[in-house]
There are 2 protein chains.
Amino acid sequence: MEKSFSEIKELLIRKGLKATHQRIVIYHLLFNSFEHPTAELLFDKLKINNPSISLGTVYKTLDTFVQTGLAEKVLSETGSDRYDANLSSHHHIYYTDTKEIVDFYDSELQDLIIAFLNKKSIPNLKIKDFKIQIHGEKIDMVENQIN
Amino acid sequence: MEKSFSEIKELLIRKGLKATHQRIVIYHLLFNSFEHPTAELLFDKLKINNPSISLGTVYKTLDTFVQTGLAEKVLSETGSDRYDANLSSHHHIYYTDTKEIVDFYDSELQDLIIAFLNKKSIPNLKIKDFKIQIHGEKIDMVENQIN
DNA sequence: TCTTAAATAGGAATTATTCCTATTTAAAAT
DNA sequence: ATTTTAAATAGGAATAATTCCTATTTAAGA
């Protein structure tokens with residue numbers, strides 16, 4: 001579900017943020033990215049249509065989004081921080097060979113773990129949420145069929 | 001289960017690594033740390049008994065350990081990389097307030113998820129392992145009892 | 001003990017991120 | 001519609017984390 005600039009503007013205001021052009025275009029690009037981009041990658045793409053945008057603003061804005069719950073950081077072992085504005089509960093598949101991080105939705109798994117955690121309470125911990133990373137290798141199906 | 005220096009030496013050799021003094025003391029300290037330390041933290045502690053050890057060596061050695069499967073990086077949102085030499089399958093509790101990362105063992109949860117993943121195969125993915133982070137706040141039980 | 005390939009120390013270089021401040025801008029007040 | 005003002009931005013400097021470089025040292029095998 002695509003979000004228009006005016007919808008994003010409303011969203012920012014609803015979160016108590018000043019709806020600046022930079023925030024709108026950063027949110028728009030992040031929301032429509034599926035590769036969990038770094039600040040630098042977003043910056044490079046944004047520069048095309050917003051030549052005067054600065055990298056510092058991209059960093060600061062992403063941090064603002066994380067603080068206000070509009071985005072989250074995706075944990076990654078590869079140097080830079082990566083971000084995600086898709087906040088529906090989902091997990092991630094980490095392809096160890098290609099370094100891709102791909103969204104993984106599975107309500108059955110989700111329900112299974114929620115049920116487990118609700119049943120078994122962990123001493124001294126108030127659970128807010130949980131994340132799963134599934135690590136593995138990409139299997140090229142076409143290649144497999146040929147061989 | 002504590003590991004002696006000579007056991008660590010054997011372990012390094014078994015992995016095809018030269019059993020240098022630096023590697024032995026770094027492994028020993030990491031293996032006996034439960035806070036998932038950063039390279040810098042290990043370095044500060046190691047300096048006490050090994051004044052000439054260098055930070056570069058600590059970084060390089062940790063990387064060598066990860067490559068050879070003697071340790072792994074623990075995903076974290078807080079600046080520096082953190083490491084763990086405890087390789088028995090376990091997950092992590094992230095205390096959002098105290099920033100602690102604590103090991104979490106639960107064979108029931110482990111079995112539940114393994115059974116699920118075995119049953120449901122994900123197209124084009126050969127699963128190697130998976131990690132769960134449970135995020136939450138620390139509840140101080142004593143304080144709770146008083147109030 | 002000697003040889004040698006690999007590892008280390010120490011510091012320089014690089015990368016990622018945060019910080020600083022003069023200028024600009026969104027939005028509230030007029 | 002204009003003015004006001006507090007907050008946000010651009011641009012670059014500063015900092016933090018990590019990697020790289022190379023002369024020296026060392027583990028392990030001959």
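Scope of the values below: all heavy atoms of this structure, side chains included, with no hydrogens, waters or symmetry mates. In this text the structure is predicted, and so the values were computed from the model without any measurement. Below, read A as the first sequence line, B as the second, and so on, with proteins coming before strands; counting in each chain starts at 1.
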(request) Ignoring hydrogens and angles, tell me if any N or O in the side chain of Asp63(B) forms a donor-acceptor pair with the backbone of Phe65(B) under 3.5 Å. (result) no
(message) Tell me the interatomic distance from Ile13(A), atom CD1, to dA7(D), atom P, rounded to whole angstroms.
(response) 16 Å
(message) Could you check whether any side-chain N or O of Asn50(A) sits under 3.5 Å from a backbone N or O of Leu46(A), counting only pairs where one atom can act as donor and the other as acceptor?
(response) yes
(request) Give the rounded distance in Å between these two atoms: NZ of Lys15(A) and C1' of dA26(C). (result) 20 Å
(message) If you compare every side-chain N and O of Tyr59(B) against the phosphate oxygens of dT18(D) (OP1, OP2), does one of them come in below 4.0 Å?
(response) yes
(message) Quick one: does any side-chain atom of Asp97(B) pair with a main-chain N or O of Lys138(B) as donor and acceptor, under 3.5 Å?
(response) yes
(message) Tell me whether the side-chain N/O atoms of Ser80(B) come closer than 4.0 Å to OP1 or OP2 in dA17(D).
(response) yes
(message) Go nucleotide by nucleotide along DNA chain D from the 5' end; which of Glu40(B) and His21(B) gets its closest nucleotide reached first?
(response) Glu40(B)
(message) Is there a side-chain contact between Ser54(B) and the phosphate of dG11(C), meaning an N or O under 4.0 Å from OP1 or OP2?
(response) no
(request) Answer with base, sugar-phosphate or nothing: what part of the nucleic acid does Ala39(B) contact at a heavy-atom distance below 4.0 Å? (result) nothing
(message) For a quick test of reading the model: is some side-chain N or O of Thr57(B) closer than 4.0 Å to OP1 or OP2 of dT8(C)?
(response) no
(message) Please report the distance, rounded to the nearest Å, between CD in Glu77(B) and P in dT17(C).
(response) 12 Å
(request) Take the protein atom CG of Leu46(A) and the nucleotide atom C1' of dA10(D), then report the distance between them rounded to whole Å. (result) 14 Å
(request) Please determine, for the side chain of Ile53(A), which listed nucleotide (dA10(D), dT26(D), dT8(C)) has the closest atom? (result) dA10(D)
(request) Report which part of the nucleic acid Asp63(A) touches: base, sugar-phosphate, or nothing (heavy-atom distance under 4.0 Å, all strands). (result) nothing
(message) So does His36(B) get a backbone contact from the side chain of Ser33(B), meaning a donor-acceptor N/O pair under 3.5 Å?
(response) no
(request) To the nearest Å, give me how far apart CG (Leu62(A)) and P (dT17(C)) are. (result) 10 Å
(request) Round to a whole Å and report the spacing from CG of Leu41(B) to C1' of dT18(D). (result) 16 Å
(request) Kindly say whether Tyr105(A) contributes a backbone atom to a donor-acceptor pair with the side chain of Asp103(A) at under 3.5 angstrom? (result) no
(request) Take Leu55(B) and Asp81(A), find for each the nucleotide of DNA chain C with the closest heavy atom, and name the residue whose nucleotide sits nearer the 5' end. (result) Leu55(B)
(message) Rounding to an integer number of Å, can you tell me how far Lys60(B) NZ sits from dT26(D) P?
(response) 17 Å
(message) What's the closest nucleotide to the side chain of Thr20(A) if the choices are dA28(D), dA9(C), dA26(C)?
(response) dA26(C)
(message) Need to verify one output field. Residue with the more 5' nearest nucleotide on DNA chain D, Lys9(B) or Arg82(B)?
(response) Arg82(B)
(message) Please confirm whether the shortest side-chain N or O distance from Gln22(A) to OP1 or OP2 of dA10(D) is below 4.0 Å.
(response) yes
(request) Tell me which of Gly56(B) and Arg23(B) sits closer to the 5' end of DNA chain C, going by the nucleotide each one is nearest to. (result) Arg23(B)
(message) Within the 4.5 Å heavy-atom criterion, are Arg82(B) and Ile101(B) side-chain neighbours or not?
(response) yes
(request) Please report, rounded to the nearest Å, how far the C1' atom of dA26(C) is from the CG atom of Leu12(A). (result) 12 Å
(request) Measure from the side-chain heavy atoms of Lys18(B) and tell me the nearest of dA26(C), dT17(C), dA7(C). (result) dA7(C)
